[in-house]
Amino acid sequence: MSKYTAKYLEEKLAKELDAQYVQAVDESDGCGGKFSVVIVSDKFKGLKMLQKHRMVNSVLAEELKEIHAFSQKSYTPEEWEKVQQEKQ
Amino acid sequence: MPVTVIKSEEEYKQLIGADKTSVVLFSAEWAEQCKQVLDVLEDLSKLLGDKLQFITITAEEYPEVAMKHQIEAVPTVIFFTKGTAVDRVDGVDIPSLSAKCKKLGASATSDQPLEERLKALINKAPLMIFMKGDREAPRCGFSKQLIAIVNETGLPYETFDILTDEEVRQGLKTYSDWPTYPQVYVKGELVGGLDIIKELKANNELETTLKG
């Protein structure tokens, strides 16, 4: 159990990371213990994958103590555009 | 780490005097049961070899040593910390022997600074995976998916089950600045968790990254 919601995570990530796009999905059937998140931010520019994930992890350091399953996809706007194109 | 067979009294004294806690089996070749205990120690040494040293000595060849510790029958196992006998198991009592080894192994970890231990662990194999459970029985969905992906590459790797060691579980999060498990290390460097492994795979960079 955790007290966090998808909306809360989206707002926090958007604010702290200046994200252009954030989507958090609660995959825990409402108990708040499992989330998957997509984040698109300029702040990821020039960072390696590990560093991007670390940045997100540090923003959510407190939350991750309670969320026991967390998966993230973190993109720069350029990478995000590419991902979107590939999907089509 | 195999069980060391004592060849001289000098060697014996040096080994039991070490900082590392020793588990010494006093045995005799003619006693079948000693072989049984030795087998157990060999198994335990694989589990606890980094924390305890396992030794066997032929009791009859070193009567003074045997007398000093009142070895009346073989097998007898005595535990030494810095040369002092701290505990013993007389006869074949495998449950008691395992329990005592595990207990001493757990308390011995504080002798080695945690940071050094973590460093040794992440460098134990070129490809190391810290996970919940082991490759045969992963005990969380992320660990399971990760093992499946790494298995596809066919690369050799070793795993560490963080559920068996709370100190490592918490310590490694801080040491590597990474809050979740599983964690993948190549040559002692953190590659990342499941998300990163998946992304590497999608970009066709997984094999080269894991090879280091």
Side-chain angles (χ1 to χ4, degrees), chain A residues 2 4 9 12-13 16-17 19 22-29 31-41 44-45 47-76 78-88, chain B residues 122 127-133 138-150 161-163 166-167 169-212:
Chain A
S2 86
Y4 306 111
L9 293 181
K12 178 153 187 184
L13 288 166
E16 302 275 335
L17 294 170
V22 186
Q23 187 195 31
V25 180
D26 183 344
E27 297 180 330
S28 67
D29 295 325
C31 91
K34 186 176 181 189
F35 288 95
S36 86
V37 178
V38 176
I39 307 148
V40 181
S41 167
F44 294 141
K45 270 186 188 163
L47 296 185
K48 288 186 181 160
M49 226 181 280
L50 189 76
Q51 295 167 321
K52 290 190 217 167
H53 285 232
R54 261 197 189 128
M55 191 185 261
V56 174
N57 288 341
S58 68
V59 168
L60 297 179
E62 269 309 304
E63 289 80 358
L64 286 180
K65 286 177 189 162
E66 283 185 49
I67 299 171
H68 67 261
F70 180 78
S71 92
Q72 60 166 299
K73 287 190 172 146
S74 303
Y75 304 108
T76 62
E78 289 77 18
E79 288 167 337
W80 177 237
E81 209 167 292
K82 227 166 123 192
V83 171
Q84 294 299 93
Q85 280 170 2
E86 278 166 14
K87 270 188 191 165
Q88 283 164 9
Chain B
I122 60 177
L127 178 54
M128 264 312 277
I129 300 176
F130 291 78
M131 61 183 290
K132 295 180 180 171
R139 290 177 59 187
C140 108
F142 288 1
S143 292
K144 195 173 174 180
Q145 289 181 51
L146 181 78
I147 289 297
I149 294 172
V150 177
D161 181 359
I162 51 142
L163 296 176
E166 192 59 21
E167 202 184 19
R169 182 182 186 169
Q170 298 309 332
L172 198 57
K173 287 188 197 175
T174 319
Y175 181 84
S176 295
D177 186 22
W178 196 260
T180 53
Y181 291 99
Q183 296 182 1
V184 178
Y185 292 80
V186 173
K187 294 180 180 151
E189 285 281 325
L190 177 66
V191 174
L194 177 62
D195 289 331
I196 288 186
I197 295 296
K198 277 186 178 165
E199 254 180 277
L200 288 170
K201 193 188 167 196
N203 299 344
N204 288 321
E205 292 166 14
L206 184 62
E207 272 202 59
T208 42
T209 308
L210 295 186
K211 279 178 186 161

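Every chain is numbered from 1 and lettered A, B, ... according to where its sequence line falls, protein lines coming before strand lines.
Taking 4.5 Å as the heavy-atom cut-off, the residues of residues 189-197 of chain B that approach chain A are Leu190(B), Val191(B), Gly192(B), Asp195(B), Ile196(B), ordered by number.
Heavy-atom pairs under 4.5 Å with chain B peak, among Ser71(A), Ser74(A), Ala69(A), at Ser71(A). Of the listed residues (Lys52(A), Gln72(A), Lys48(A)), the one with the most heavy-atom contacts under 4.5 Å to chain B is Gln72(A).
Around CD of Glu166(B), the count of heavy atoms belonging to other residues, nucleotides or ligands within 6.0 Å exceeds 12. Residue Glu27(A) qualifies as enclosed at atom CD: its count of foreign heavy atoms under 6.0 Å is above 12. Under a cut-off of 6.0 angstrom, the local environment of NZ in Lys144(B) is sparse, with at most 12 non-hydrogen atoms contributed by other residues, nucleotides or ligands.
Residues that satisfy the ring pair (Phe, Tyr, Trp, His ring centres under 6.0 Å) test with Trp178(B), not counting sequence neighbours, are absent from this structure. Every residue meeting the ring pair (Phe, Tyr, Trp, His ring centres under 6.0 Å) condition with Tyr75(A), not counting sequence neighbours, appears here in chain and number order: Trp80(A). With sequence neighbours excluded, no residue satisfies ring pair (Phe, Tyr, Trp, His ring centres under 6.0 Å) with Tyr181(B).
At a 4.5 Å heavy-atom cutoff, Ala61(A) makes no contact with chain B through either its backbone or its side chain. Leu64(A) touches chain B through its side chain: at least one heavy atom from C-beta onward sits under 4.5 Å away, while N, CA, C and O do not.
Side-chain contact check for Thr180(B) versus His68(A): every heavy-atom pair is 4.5 Å or farther apart. The side-chain heavy atoms of Lys65(A) and Lys173(B), taken from C-beta on, include no pair separated by under 4.5 Å.
Note: Glu199(B) CD to Met49(A) CE = 4.5 Å, rounded to the nearest 0.5 Å.
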